Amino acid sequence: MEAPGCWGLLLALGLLRGAAATAATEAPTAHVLSRVLFCQPDRPSLGLADTFDGDQLFSFDFPGARWEARLPDFQPWLGTQESREQIGNDSSLCRQLLSVLTNITTGVLPEARGTPMANVFTAQPLELGKPNTLICQVGNLFPASVTVSWQRLGEPVSQGVNTTRYYPTEDLGFLLFSYLEFTPQEGDIYTCTITRPRDRFSTVAYWVPQNPIPSELLENALCGLAIALGIFFMVTGIVLLLKSRRPSPTE
Ligand SMILES: *[C@@H]1O[C@H](CO)[C@@H](O)[C@H](O)[C@H]1NC(C)=O
Ligand SMILES: *[C@@H]1O[C@H](CO)[C@@H](O)[C@H](O)[C@H]1NC(C)=O
Ligand SMILES: *[C@@H]1O[C@H](CO)[C@@H](O)[C@H](O)[C@H]1NC(C)=O
């Protein structure tokens with residue numbers, strides 16, 4: 001049997017959990033604020049992100065050595081995070097621990113691995129011919145090292161693609177999203193392919209247009225049907241009215 005490689009050992013440091021209680025009358029709600037720093041032999045070799053109840057607030061762009069807000073609304077809080085120097089120190093501690101623990105555990109503990117799970121959906125309600133965004137949500141990532149690609153009818157699509165960083169999840173796995181700007185057409189088949197480069201393992205999620213919002217033509221047809229039904233009921237009403245007015249033969 002092949003000895004488990006030292007590759008998969010991934011270290012998460014500094015998982016901070018803060019439980020904040022909402023004030024006053026209502027039952028207190030617990031929230032989780034977490035900061036996860038990870039280092040791994042695969043790319044990206046370092047990652048750092050703050051999440052609140054599983055939603056990403058900030059992430060650290062290691063190549064650019066700066067914090068980034070996930071949404072423009074969070075921009076004002078940039079700069080309140082730990083300094084680059086502190087991050088540098090934490091990262092080297094992470095790498096040292098990774099190296100020591102890898103040496104200790106290789107051949108002793110099995111390598112942890114998650115099978116990526118993906119699903120694809122549209123950002124807006126589906127309407128054929130109207131620009132939309134396809135979202136590929138990829139979960140159960142461990143280690144955080146995959147490539148995401150898009151295909152339309154089997155042909156690679158690279159324009160209009162944006163893929164997020166890895167979001168740490170509560171179970172110490174990762175999640176990411178890939179976005180594809182597109183205009184849905186009849187007969188489309190889109191695939192979101194997630195590949196783990198190390199073992200060439202791929203997960204594929206499909207998307208085909210289903211139950212699009214009725215087009216104008218269908219709307220007109222439905223409208224026509226409604227009017228026809230209305231007339232039908234009106235006629236039935238008149239017939240019933242006439243019937244009820246007609247003196248019954250037994251009377
Ligand atoms: C980072 O590490 C260096 C060297 O060990 C130390 O001098 C410095 O104070 C540390 N910085 C922080 C912010 O902890
Ligand atoms: C781990 O093992 C490698 C080779 O077996 C060695 O070069 C390295 O120094 C070791 N690292 C630690 C932290 O013990
Ligand atoms: C998406 O990617 C494009 C380049 O492909 C970039 O210009 C744009 O800023 C990105 N949008 C977001 C929201 O990241």
Side-chain angles (χ1 to χ4, degrees), residues 5 7-10 12 32 34 36 38 40-59 61 68 70-71 110-215:
W7 294 95
L9 187 75
L10 179 146
V32 178
S34 73
V36 175
F38 68 90
Q40 60 182 0
D42 297 323
R43 303 209 67 78
S45 61
L46 285 165
L48 173 60
D50 287 350
T51 57
F52 183 71
D53 288 347
D55 292 322
Q56 189 152 355
L57 302 178
F58 308 102
S59 60
D61 169 27
E68 285 175 348
R70 173 76 181 109
L71 298 173
E111 189 177 352
R113 240 7 140 70
T115 303
M117 313 234 258
N119 69 73
V120 182
F121 48 92
T122 54
Q124 309 295 331
L126 176 61
E127 211 169 323
L128 296 180
K130 197 177 155 201
N132 206 323
T133 304
L134 272 182
I135 303 173
C136 183
Q137 177 182 346
V138 191
N140 203 34
L141 291 174
F142 190 88
S145 183
V146 292
T147 56
V148 180
S149 59
W150 289 92
Q151 295 79 32
R152 178 178 181 268
L153 299 169
E155 296 294 320
V157 179
S158 55
Q159 218 171 3
V161 174
N162 264 339
T163 302
T164 63
R165 293 181 195 286
Y166 295 92
Y167 288 54
T169 55
E170 278 202 50
D171 55 3
L172 289 184
F174 295 89
L175 178 73
L176 67 68
F177 296 92
S178 185
Y179 300 94
L180 170 67
E181 317 262 332
F182 83 126
T183 302
Q185 310 288 342
E186 182 135 24
D188 269 349
I189 303 175
Y190 279 91
T191 43
C192 169
T193 307
I194 300 94
T195 309
R196 294 195 306 213
R198 218 194 320 150
D199 53 9
R200 297 205 201 102
F201 176 96
S202 291
T203 300
V204 179
Y206 288 88
W207 181 87
V208 292
Q210 270 177 334
N211 309 324
I213 285 182
S215 64

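Every heavy atom of this structure was used, including side-chain atoms; hydrogens, water molecules and symmetry mates were not. Because the structure is a prediction, the values reported are computed rather than measured.
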ask   = Hey, is the main chain of S202 close enough, under 3.5 Å, to the side chain of T195 for a donor-acceptor pair?
value = no
query = Which atoms form the tightest heavy-atom contact between P184 and W207, and what is the distance?
reply = CB-CH2, 4.2 Å
inquiry  = Ignoring hydrogens, what is the shortest heavy-atom contact between T193 and Q151? Give both atom names and the distance.
reply    = OG1-OE1, 2.8 Å
query = What is the distance from atom CD of Q56 to atom CG of D50, rounded to the nearest 0.5 Å?
reply = 8.5 Å
ask   = Is there a side-chain contact between Y166 and P143, using heavy atoms and a 4.5 Å cut-off?
value = no
Throw together a table of side-chain donor-acceptor distances under 3.5 angstrom for residues 114-122, partners on residues two or more places apart or in other chains.
residue : atom : partner : partner atom : Å
T122    : OG1  : Q124    : O            : 2.8

message = Just checking Y206: does its OH atom have more than 12 heavy atoms from other residues, nucleotides or ligands closer to it than 6.0 angstrom?
response = no
ask   = Do you know the tightest heavy-atom contact between L128 and Q185?
value = CD2-C, 4.0 Å
task = Could you tell me which non-hydrogen atom of R152 sits nearest to which non-hydrogen atom of V157, and how far apart they are?
result = N-CG2, 3.5 Å
ask   = Is it the case that more than 12 heavy atoms not belonging to Q159 sit under 6.0 Å from its CD atom?
value = no
inquiry  = Between D53 (side chain only) and V32 (backbone N and O only), is there a donor and an acceptor less than 3.5 Å apart?
reply    = yes
query = Would a 4.5 Å heavy-atom cut-off, applied to side chains only, mark E127 and N132 as touching?
reply = no
task = Over all heavy atoms of both residues, which pair between P44 and A144 is shortest? Give the atoms and the distance, please.
result = CD-O, 3.4 Å
request  = Report the C-alpha distance between R165 and D61 in whole Å, list the side-chain angles of each, state the deciding distance to 0.1 Å, and finish with yes or no for side-chain contact (heavy atoms from CB on, under 4.5 Å).
outcome  = CA-CA 9 Å; R165 293 181 195 286; D61 169 27; 3.3 Å; yes
ask   = Roughly how far, to the nearest 0.5 Å, is the OG1 atom of T169 from the CG atom of N140?
value = 8.0 Å
Donor-acceptor pairs under 3.5 angstrom involving side-chain atoms of residues 172-182: please list them, not counting sequence neighbours.
residue : atom : partner : partner atom : Å
S178    : OG   : W150    : NE1          : 2.9
S178    : OG   : T163    : OG1          : 2.9
Y179    : OH   : R70     : NH2          : 3.1

Interatomic spacing from CG in L141 to OG1 in T203 - rounded to 0.5 Å = 8.5 Å
query = What's the spacing between T147 OG1 and R43 CZ if we round to 0.5 Å?
reply = 13.5 Å
